[in-house]
Amino acid sequence: MDAQRWRLAPQPLTLLREYINALRALRTGEPAQADGRYVRLDGLQLHPSAVPEQAPAIFAGVRSPKSLAISGETADGTLLAEPVTPPYVRQALRSINPQRPHRITAYNIAAVDSDPRTAMSAARPALKALGDTDWKPHIAPLGFYNELTQLRRRSGSAQAFAQAIPDQWVEQLSLTGTSAHVRNRLDNLFLSGVTSAVLIPAGPDPRAALDALVMVL
């Protein structure tokens, strides 16, 4: 779904529900019917050549409690944007409240190095947006959201904010450190309810960052 269209819709949650339900109907290859406020289908169906042997899972990349609830109601899984921590996963799952098998994919900024401080320095620039209000649901469960937003207001720029974030916050807001430490952090995510994890490489050299992340495997 086009993100701008979703944000501008007078009833974005209605659009989200109708859109996912239409996708669920279309992916089977059978004629789809829908008569909603935003989505209307009258027997539309995929050409047989476009129907997959196995229907693909539908994931919703959402954040607010109400949109998470719709994901749990209609989708096969939810994409949680970075940063994702066990407290955030548990909070999101309470809103999702899945009534059937539901997958959780977690995204996180990641940097691996034998020197934990080097890894932390590599991750810092990627955290510069976290002072914005959009990220409150991710950070509030960690207990330092108010302090973090105050730090952002005091910082002259997003770059300065990222450099001023205390080490203990960087540790929680990213997957950084040695390969063994990052594997342990991933294990904790899986125990909290995550079913798959996406590591976003951080650092000035993308190829080197990818090579380092391989060590986590």
Heavy-atom pair of closest approach, residues Arg63 and Asp134
CD-O, 3.2 Å
For the atom pair OG1 (Thr74) and CD (Glu18), what is the distance rounded to the nearest 0.5 Å?
11.5 Å
Hey, any chance Val216 and Val170 share a hydrophobic cluster, counting ILVMFWY side chains that come within less than 4.5 Å of each other, even indirectly?
no
At what distance, to the nearest 0.5 angstrom, does OG1 of Thr178 lie from CE of Met215?
10.0 Å
Nearest heavy-atom neighbours spanning Pro141 and Lys136
CD-O, 4.3 Å
Test side chain to side chain contact (heavy atoms under 4.5 Å, CB included) applied to Leu148 and Leu173, step by step:
CA-CA 11 Å; Leu148 185 138; Leu173 297 171; 4.0 Å; yes
Given side chain to side chain contact (heavy atoms under 4.5 Å, CB included), test Phe144 with Gln168 step by step and report yes or no.
CA-CA 11 Å; Phe144 54 80; Gln168 60 268 32; over 6 Å; no
Would you say that Asp167 contacts Arg124 through its side chain, given a criterion of any heavy-atom pair below 4.5 Å between the two side chains?
yes
Around Asp42, counting heavy atoms of other residues, nucleotides and ligands shown, do more than 12 lie under 6.0 Å from its CG?
no
Any donor and acceptor pair, going by atom type alone, linking the side chain of Arg152 with main-chain N or O of Ala162 inside 3.5 Å?
no
Given the rule in the side chain to side chain contact (heavy atoms under 4.5 Å, CB included) test, do Leu142 and Tyr88 qualify, once you have shown the distances and angles that lead to the verdict?
CA-CA 8 Å; Leu142 300 177; Tyr88 176 51; over 6 Å; no
Leu127 reachable from Tyr107 in the ILVMFWY side-chain graph, under 4.5 Å edges:
yes
Indicate yes or no for a side-chain donor-acceptor contact from Thr195 to the backbone of Ile104 under 3.5 Å, with no hydrogens or angles considered.
yes
Quick test of your reading of the model: are Arg207 and Asp211 salt-bridged, counting only N-O distances below 4.0 Å?
yes
Shortest non-hydrogen contact between Leu130 and Ile139, atoms and distance
O-CD1, 3.5 Å
Flag yes if Val84 and Leu79 sit in one hydrophobic cluster, no otherwise; membership is Ile, Leu, Val, Met, Phe, Trp, Tyr, and two members link when side-chain heavy atoms are under 4.5 Å apart.
no
Any sub-3.5 Å donor-acceptor pair from Gln54's side-chain atoms to Pro52's backbone N or O?
no
Considering all heavy atoms of both residues, which atom of Arg24 and which atom of Asp76 are nearest to each other, and what is their separation?
NH1-OD1, 3.1 Å
Flag yes if Tyr19 and Leu13 sit in one hydrophobic cluster, no otherwise; membership is Ile, Leu, Val, Met, Phe, Trp, Tyr, and two members link when side-chain heavy atoms are under 4.5 Å apart.
yes
From Leu186 CG over to Leu191 CG, what is the distance, rounded to the nearest 0.5 angstrom?
11.0 Å
Nearest 0.5 Å, please: how far is CZ in Arg103 from CD1 in Ile58?
11.5 Å
Where is the tightest heavy-atom contact between Pro201 and Leu210, given as atom of each residue plus distance?
CG-CD2, 3.8 Å
Take atom CZ in Arg40; do more than 12 heavy atoms of anything else shown fall under 6.0 Å from it?
yes
The reported gap from CZ in Arg17 to CD in Gln11 (rounded to nearest 0.5 angstrom) is 10.5 Å
Arg185 and Gln172 have their tightest heavy-atom pair at NH2-O, 3.5 Å
ILVMFWY network linking Trp135 to Val62, side-chain heavy atoms under 4.5 angstrom
no
Quick check for you: to the nearest 0.5 Å, what is the distance between Leu93 atom CG and His102 atom NE2?
8.0 Å
Step-by-step side chain to side chain contact (heavy atoms under 4.5 Å, CB included) determination, Leu80 to Leu68:
CA-CA 10 Å; Leu80 298 180; Leu68 287 168; 4.2 Å; yes
Check for a donor-acceptor pair, side chain of Asp113 on one end and backbone N or O of Asp115 on the other, with a separation under 3.5 Å.
yes
Heavy-atom side-chain proximity of Ile20 to Glu73 below 4.5 angstrom:
no
